[in-house]
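Heads up: the structure comes next, in structure tokens.
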Amino acid sequence: MELLSHPQSTYTGPRPGSPEQIQAIIAELRRLYPDAKCTLNFSNPLELLIATQLSAQCTDERVNIVTADLFKKYRSVEDYATVSQEELEQDIRSTGFYRNKAKNIRAASQRIITNYDGEVPRTMEDLLTLPGVARKTANVVLGNAFGIVEGFVVDTHIGRLARRFGWTTNEDPVKVEQDLMKLIPQQDWLDLSHLMIYHGRAVCLARKPLCEKCTLAKLCPSAFLVTN
């Protein structure tokens, strides 16, 4: 992201990262996206874990197309643990990076059986021991499958919006998460992650954000300043 000075767009809103700015942004995002939620389809924690692993470098829409058949074929953690690498690769091929994803899904499923009695673990510490699971995936599973909020989901949309809102200057997702956890009240972490993803997809696009259409422009220090 490149920022250019623009004499007609000097930011005059609340201080970036202040409670006033944050609460105003949250309120407007809730107005814009009252039904915001996790857009991955799942019916149990295992399905959400698999879907989130598949979503790396892939759209949720594509993942949902793939899992519509995948979740009919694979009903249990044992199914993923025992399928051959080659067969699972073919079943998830269109999500990209399918070899590594298949390897991690099989290994994670085997670990769930060996170490967690076949149940997806319910703590950050335990989830992070599963192959292919970093904090983003763990936060998605904890928050959306178990209603446990230990951290803030940070994907590419959330990282981008957090930087544009002036909430962080970091690029590393773990550091972005730490910054957001310091600024945002914990009761808003899960809800706000969904809202930011919706806004990132609809308005605050990576290459050319639609600032002229954005009702958050008066609250955003980067409004009208982002160029390619």
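Quick caveat, the model's predicted, so the values are computed rather than measured.
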Intermediate values then yes/no, side chain to side chain contact (heavy atoms under 4.5 Å, CB included), Phe224 and Glu212:
CA-CA 8 Å; Phe224 304 102; Glu212 67 281 358; 4.2 Å; yes
Set out, in order, the CA-CA distance, both residues' side-chain angles and the distance that settles side chain to side chain contact (heavy atoms under 4.5 Å, CB included) for Val203 and Cys211, then state yes or no.
CA-CA 8 Å; Val203 178; Cys211 297; over 6 Å; no
Check against side chain to side chain contact (heavy atoms under 4.5 Å, CB included), Phe71 and Ile50:
CA-CA 9 Å; Phe71 292 163; Ile50 301 299; 4.2 Å; yes
Phe165 vs Ser222, side chain to side chain contact (heavy atoms under 4.5 Å, CB included): CA-CA, chis, key distance, verdict
CA-CA 7 Å; Phe165 289 156; Ser222 301; over 6 Å; no
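The side-chain heavy atoms of Leu190 and Asn144, taken from C-beta on, include a pair separated by under 4.5 Å. Looking only at side-chain heavy atoms (C-beta outward), Leu40 and Val63 come within less than 4.5 Å of each other. A 4.5 Å side-chain heavy-atom check between His199 and Cys214 finds at least one atom pair inside the cut-off. A heavy-atom distance below 4.5 Å is found between the side chains of Cys204 and Arg164. The side-chain heavy atoms of Cys38 and Leu48, taken from C-beta on, include a pair separated by under 4.5 Å.
A donor-acceptor distance shorter than 3.5 angstrom exists from the side chain of Arg160 to the backbone of Gly200, with no hydrogens or angles considered. Checked by atom type and distance alone, the side chain of Lys101 pairs as donor or acceptor with a backbone atom of Leu54 at under 3.5 Å. Proximity of a side-chain donor or acceptor of Asp155 to a complementary backbone N or O of Pro173 within less than 3.5 Å is not detected. Not one N or O on the side chain of Tyr80 forms a donor-acceptor pair closer than 3.5 Å with the backbone of Arg75. A donor-acceptor pair under 3.5 Å is absent between the side-chain atoms of Glu28 and the main chain of Leu216, judged by distance alone. Between the Asn41 side chain and the Asn64 main chain, no donor and acceptor come within less than 3.5 Å of each other.
Distance check, rounded to the nearest 0.5 Å: SG of Cys58 to CD of Gln53 gives 13.5 Å. Within the model, atoms CG of Leu49 and CG of Asn44 stand 10.0 Å from one another, a figure rounded to the nearest 0.5 Å. Leu46 CG to Ser109 OG: the interatomic distance, rounded to the nearest 0.5 Å, is 6.0 Å. In this structure, Arg106 CZ and Asp79 CG are separated by 13.0 Å, a value rounded to the nearest 0.5 Å. Note: Thr169 OG1 to Lys175 NZ = 9.5 Å, rounded to the nearest 0.5 Å. Atom CD of Gln110 is separated from atom CG of Asn115 by 11.5 Å, given to the nearest 0.5 angstrom.
When all heavy atoms of Asn170 and Val176 are compared, the pair lying nearest together is O-CG2, 3.3 Å. Taking every heavy atom of both residues into account, Ala138 and Leu128 meet most closely at CB-CD2, 4.2 Å. The two residues Leu180 and Ala162 have their closest heavy-atom pair at CD2-CB, 4.0 Å. In plain terms, the two heavy atoms of Phe146 and Pro121 that are nearest each other are CE1-O, 3.6 Å. Across all non-hydrogen atoms, the minimal contact from Arg31 to Pro34 is O-CD, 3.6 Å. Minimum heavy-atom separation, Leu127 to Val133: O-CG1, 3.3 Å.
In terms of the side chain to side chain donor-acceptor pair (under 3.5 Å) criterion, residue partners of Thr168 (sequence neighbours excluded) are, by chain and number, Asp179. A search for side-chain contact (heavy atoms from CB on, under 4.5 Å) contacts involving Glu87 returns Lys73, Tyr74, Val83, Ser84, Asp91, not counting sequence neighbours. Listed by chain and residue number, Pro14, Arg15, Glu20, Gln21 satisfy the side-chain contact (heavy atoms from CB on, under 4.5 Å) test with Ser18 (two or more places apart in sequence, or in another chain). Checked against ring pair (Phe, Tyr, Trp, His ring centres under 6.0 Å), Tyr198 has the following partners two or more places apart in sequence or in another chain: Tyr33. Legend: residues meeting side-chain contact (heavy atoms from CB on, under 4.5 Å) with Ile22, ordered by chain and number and at least two apart, are Ile26, Trp167, Leu183, Ile184. Under the side-chain contact (heavy atoms from CB on, under 4.5 Å) criterion, Ile65 pairs with Arg62, not counting sequence neighbours. Residues satisfying the salt bridge (charged side-chain N to carboxylate O under 4.0 Å, His left out) test with Arg135, not counting sequence neighbours, are Glu177. Looking at residues two or more places apart in sequence or on another chain, you find a salt bridge (charged side-chain N to carboxylate O under 4.0 Å, His left out) between Arg30 and Asp188, Asp191. Looking at residues two or more places apart in sequence or on another chain, you find no salt bridge (charged side-chain N to carboxylate O under 4.0 Å, His left out) involving Glu150. Under the rule for a salt bridge (charged side-chain N to carboxylate O under 4.0 Å, His left out), the partners of Asp60 that lie at least two apart in sequence or sit in another chain are Arg201.
Glu89 and Gln85 share a donor-acceptor pair across their side chains, judged by distance under 3.5 Å alone. A side-chain N or O of Glu47 and one of Ser43 form a donor-acceptor pair less than 3.5 Å apart.
Note on Leu210 and Leu225: separate hydrophobic clusters, where clusters join Ile, Leu, Val, Met, Phe, Trp and Tyr whose side-chain heavy atoms are under 4.5 Å apart, directly or indirectly. In the hydrophobic cluster analysis, where Ile, Leu, Val, Met, Phe, Trp and Tyr join through side-chain heavy atoms closer than 4.5 angstrom, Val174 is grouped apart from Leu161.
Applying the salt bridge (Lys or Arg N to Asp or Glu O under 4.0 Å) rule to pairs touching residues 110-132 yields nothing, sequence neighbours excluded. Under the ring pair (Phe, Tyr, Trp, His ring centres under 6.0 Å) criterion, no residue pair touches residues 81-138, with sequence neighbours excluded.
The environment of CD in Gln57 is sparse: at most 12 heavy-atom neighbours from other residues, nucleotides or ligands sit within 6.0 Å.
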